[in-house]
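Below is one structure, written out as structure tokens; the observations come after it.
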Amino acid sequence: MPVLLLVDGSSYLYRAFHALPDLRNSKGEPTGAIRGVLSMLRRLESDYKAEFRACVFDAKGKTFRDDWYPEYKSHRPPMPDDLRAQIEPLHEAVQAEGWPLLAVEGVEADDVIGTLTRLALERGWEVVISTGDKDLTQLVRPGVKWVNTMSEEVLDEAGVAAKFGVPPERIVDYLALVGDTVDNVPGVEKCGPKTAVKWLTEYGTLDNLVANADKVGGKVGENLRKHLDFLPLGKRLVTVATDVALPVALDDLPARDDDKAALRALYERFEFRGWLRDLDGQGAAAALASAGEAAVADDPPAAPGAHRGAYVTILDWATFDAWAAKLDGAALVAFDTETTSLDPMAARLVGMSFAIVAGEAAYLPLAHRGPDVPHQLPLDEVLARLKPWFESAAHAKLGQNLKYDAHVLANHGIRLAGIAHDTLLQSYVLESDKSHDMDSLAKRHLGLTTIPYTDVCGKGAKQIGFDEVAVDRATEYAAEDADITLRLHRKLWPQLETLPALAALYRDIELPAMRVLLDMERTGVLIDAFLLAQQSEELGRRLMELEREAHDLAGQPFNLASPKQLGEILFGKLGLPVVKKTATGQPSTDEEVLQQLADDYPLPKLLLEHRGFAKLKSTYADKLPRMVNPKTGRVHTSFSQAVAVTGRLASSDPNLQNIPIRTAEGRRIRAAFIAPRDHVIVSADYSQIELRIMAHLSGDARLLDAFAHGEDVHRATAAEVFGVTPAEVTSEQRRYAKVINFGLIYGMSAHGLAKNLGIDRAAAQGWIDRYFARYPGVAAYMDRVKAEAKERGYVETVFGRRLYLPEIRAQQVGRRQAAERAAINAPMQGTAADLIKKAMIAVHAWLPAAGLKSRLILQVHDELVLEVPRDELERVRAELPAQMCGVADLAVPLLVEVGVGDNWDEAH
DNA sequence: TCCGAATGCAA
DNA sequence: TATTGCATTCGGA
């Protein structure tokens, strides 16, 4: 379990300044506080083995507490000049020691520590908080320790209770009562620790004490009553925030090695001679090796019109060693893999590229083939050397679509860790409606034109594998990819940081979801190929029969799969009426048309049947068995995380999110998705998720009420719209209501509803009017979201995901209305997507933590599919819904329905 | 050989 | 003239 070590730098800085003697260097610069804080950091480093750490300082300027309470800390004398002078050099030194440093404007160090603590706990990490400030004991809980490195005091939950007389969760109540003279927050007059503990022991909580304030006797009781108005504010002031927006993620805080060159310079300036000797003791060579790290922070300015950086090819061990050392010391490394295949499960490494500083990158060729190939370093040995770096969470990596690179490395037995950033996801979160391939990103954000893949490998049938590309040419292309990725990150990440909700979405949902998807894709799903082969044969026979009959009816042979030929037969030769036309003006032969014609003519009915079977055979029965991976014996879909503009996932190669379910024949395909021996398939889907989100977003009282009481929402809608009691609703009425409810989610028009229900437009408008009359909150919401879209150009999900709607102000009515429908649909579809991603992250973390071997295998928008060992079934069935429902607290309850079976059809 | 259009599968 | 996707087939370029 990773450990996060958080140091309250400001608290120590003040204490060190006042506690330590007035040390100065020969120039007279004060150095005592610097030395004090640094020695504390060194002690912590040896006391606690932490993979992640941060030293947090208060930033200059006001904080939100000053807005709440102008007197906050107002009594403090101005900072002594000798202290102020030490801040900047201390910050430099802290970073040189390998400590990520944080100072967030508008937020106190306490709140940064509180927020990081929460984030770490959510990931199941352990946290050690080092501070001289007792207020922070309020953060102590299982997995969180408070240590005072100056007094060497360590407190866990029991320790806090023993020291203060109240448990950590009551510390804020305690502080509100006692007050905090350090921060100028007044407490109840004459109420000290003794009285506060007595009251809290008697009444349990501050709220309860306040409720019973009239029962408290004595002079101090009177003081309490006088202070009642202030107590809520007092409590707010002493409560450490755990939800502030941070410019960094946990993954940005790996413990780094110290930067010896920078340290040397600083120690020399401060004249810390003992520590200088320590540095020298480690040898000049080591200091030299890491000198390059200092360059990390500064990029050379790009030459105008040319971005071709200094790209090197790694062909010998000396160059490799130099780069390996750089990778080890770098705060963040962009890397990219070149492979033999676009199929992630089949791809083998051809080479890798790395970039640490913009404009400088290296390509490491490993498996290029051909007559003029230079000697390449041996793949296995290189991977063995790099494996610890790839698998270290402390070494932060950056990439463009790292899920793919993680697959490639996994194919070689390496589990990529330390995934800190992904420019694909950054771009997706910032502008989901734009393209996210690297060539487009480079053009859009950097104004650079990159080498297209097809320039290197050609395209179509003449395309060659990357292993056939000449190494020089490969270096230009591959090193550029790593270089551009790094530059994109430098551009996109600051943009994200200015939008805290989006930064949180990226950090807390998209990046963690990527790891879940990687594991799901690698797990794959078992299918019964024999069953599908049987079905294919059967479908083939019925198709031949239908085709023969169709040709008989047409009086001539024709290709049933060709809409063009079919149209000529139906509307030309047989003279059937044209019902509607396609976008290009051709008479349409789609299902709706054929359905309509089937009432009066025999051929369309045959065609409908033929179409249905042909689809099942070619897309599913024939295709799926061909997609079985020979190595794993399973089908591995690929989930795209940056395709759907609403935030949904997309599945491809094969698409496992559109497996049939509506017809009996179709369900036989689904039945071929099976569990292995001694396992079952478990399907868990969110019930009515988008309608529930609509209730939450609109706040409509009737809709909220229906969900709160667990009603059948379509029946409830029918009762409202048709003016009957729920018990009186007929199945026909319920069907109408269901269509209306679905239509609402899609921003339906009267026309659309009329078509769907087979009624006239005026009647449909009547139902819509009645719906909105009964659910005025929904009507108001629809207007609100359209207005918001028009004003801002985008709409948002509950979690702040943005969907831009460039056409919302279009001149063309049709385009504008389409954008308005998207504006209504996107927040609901997008929020559902956010929720299930959070659920996937939660379930993926929970299963192994609970000692279970069950695995997530598929996600279908509102459904998670798991493969579960039979002996784990009861636990999974019992706990999975809570895992999925616990991801958000909406105004409506979330409901998850679980199904179990030997195959997906039975389970769903 | 490539790509748009038409069609249909899912939530 | 209902939202978001992906795959298949045809057929013109």
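First the proteins, then the strands, lettered A, B, ... as listed; each starts at 1.
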*asked:* In whole Å, I'd like the distance from the CZ atom of A:F673 to the C1' atom of B:dA10.
replied: 12 Å
Please list, for nucleotides 1-4 of chain B, all pairs of protein and nucleotide N/O atoms separated by less than 3.5 Å.
from  : atom 1 : to     : atom 2 : distance (Å)
B:dC2 : OP1    : A:G460 : N      : 3.2

_Applying a 4.0 Å non-hydrogen cut-off, can you work out what A:I824 is touching in the nucleic acid: base, sugar-phosphate, or nothing?_
nothing
*Counting only side-chain N and O atoms of A:R821, is one of them less than 4.0 Å from OP1 or OP2 of C:dT4?*
no
*asked:* Distance check needed: B:dA11 C1' versus A:L649 CG, whole Å only.
replied: 12 Å
*Do any side-chain nitrogens or oxygens of A:R662 fall under 4.0 Å of OP1 or OP2 in B:dA10?*
yes
*A:R670 CZ to B:dC9 C1': how many Å, rounded?*
10 Å
*Given side-chain contact (heavy atoms from CB on, under 4.5 Å), test A:F558 with A:I569 step by step and report yes or no.*
CA-CA 8 Å; A:F558 68 100; A:I569 297 287; 3.8 Å; yes
*Starting at CD of A:Q829 and ending at P of B:dA10, how long is that distance when rounded to a whole Å?*
16 Å
_If I take atom CD in residue A:E820 and atom P in nucleotide C:dT1, what distance separates them, rounded to the nearest angstrom?_
14 Å
*Residue-level proximity of residues 584-607 of chain A to DNA chain B when a heavy atom falls under 4.0 Å*: A:T584, A:S588, A:T589, A:D590, A:E591
*Look only at the side chain of A:T797 and the backbone of A:R801, and say whether a donor-acceptor pair between them is shorter than 3.5 Å.*
yes
*Output the distance between atom CG (A:L424) and atom CG (A:L441), rounded to the nearest 0.5 Å.*
7.5 Å
*Thinking salt bridges, do A:R542 and A:E665 make one under a 4.0 Å N-O criterion?*
yes
*What is the distance from OH of A:Y746 to C1' of C:dT4, rounded to the nearest Å?*
8 Å
*Do any pairs count as a side-chain hydrogen bond (donor to acceptor under 3.5 Å, both in side chains) and have a residue in residues 562-581 of chain A, sequence neighbours left out, and if so which ones?*
A:Q556-A:K573, A:K580-A:D590, A:K580-A:E592
*asked:* Walk along nucleotides 6-13 of chain C from 5' to 3' and tag each nucleotide B, S or - by protein heavy-atom contact under 4.0 Å, base first, then sugar-phosphate.
replied: SSSSSSS-
_Within residues 750-777 of chain A, which residues have any heavy atom lying less than 4.0 Å from an atom of DNA chain B?_
none
*Sidechain N-carboxylate O distance under 4.0 Å for A:E906, A:R668*: no
*Electrostatic pair A:R770-A:E720, nearest N-O below 4.0 angstrom*: no
*Would you check if the side chain of A:S440 reaches a backbone N or O of A:H436 as a donor-acceptor pair within less than 3.5 Å?*
no
*Flag, side chain of A:Q657 to backbone of A:S651, donor-acceptor distance under 3.5 Å*: yes
*Scan side-chain atoms only and decide if A:Q829 and A:H861 contain a donor-acceptor pair under the 3.5 Å cut-off.*
no
Can you give me every donor-acceptor pair (side chain of residues 757-769 of chain A, partner residue at least two apart or in another chain, under 3.5 Å) with its distance?
from   : atom 1 : to     : atom 2 : distance (Å)
A:D760 : OD1    : A:A762 : N      : 3.1
A:D760 : OD1    : A:A763 : N      : 2.8
A:Q765 : NE2    : A:D769 : OD1    : 3.0

*Which is true for A:G743 with a 4.0 Å heavy-atom rule: it touches a base, it touches only sugar-phosphate, or it touches nothing?*
base
_Check this for me: does any side-chain nitrogen of one of A:E521 and A:K403 sit under 4.0 Å from a carboxylate oxygen of the other?_
yes
*Nearest-angstrom distance from the residue atom CG of A:D433 to P of C:dG5*: 10 Å
_N-O pairing of A:K617 and A:E538 below 4.0 Å_ = no
*Just call it for A:F742: base, sugar-phosphate, or nothing, with non-hydrogen atoms closer than 4.0 Å on any strand.*
nothing
*CZ/A:R784 to CE/A:M782 distance, rounded to the nearest 0.5 angstrom?*
10.5 Å
_What is the separation between atom CZ on A:R692 and atom C1' on B:dA11, rounded to the nearest whole Å?_
16 Å
*Base, sugar-phosphate alone, or nothing: which one does A:R611 contact when heavy atoms must sit under 4.0 Å apart?*
sugar-phosphate
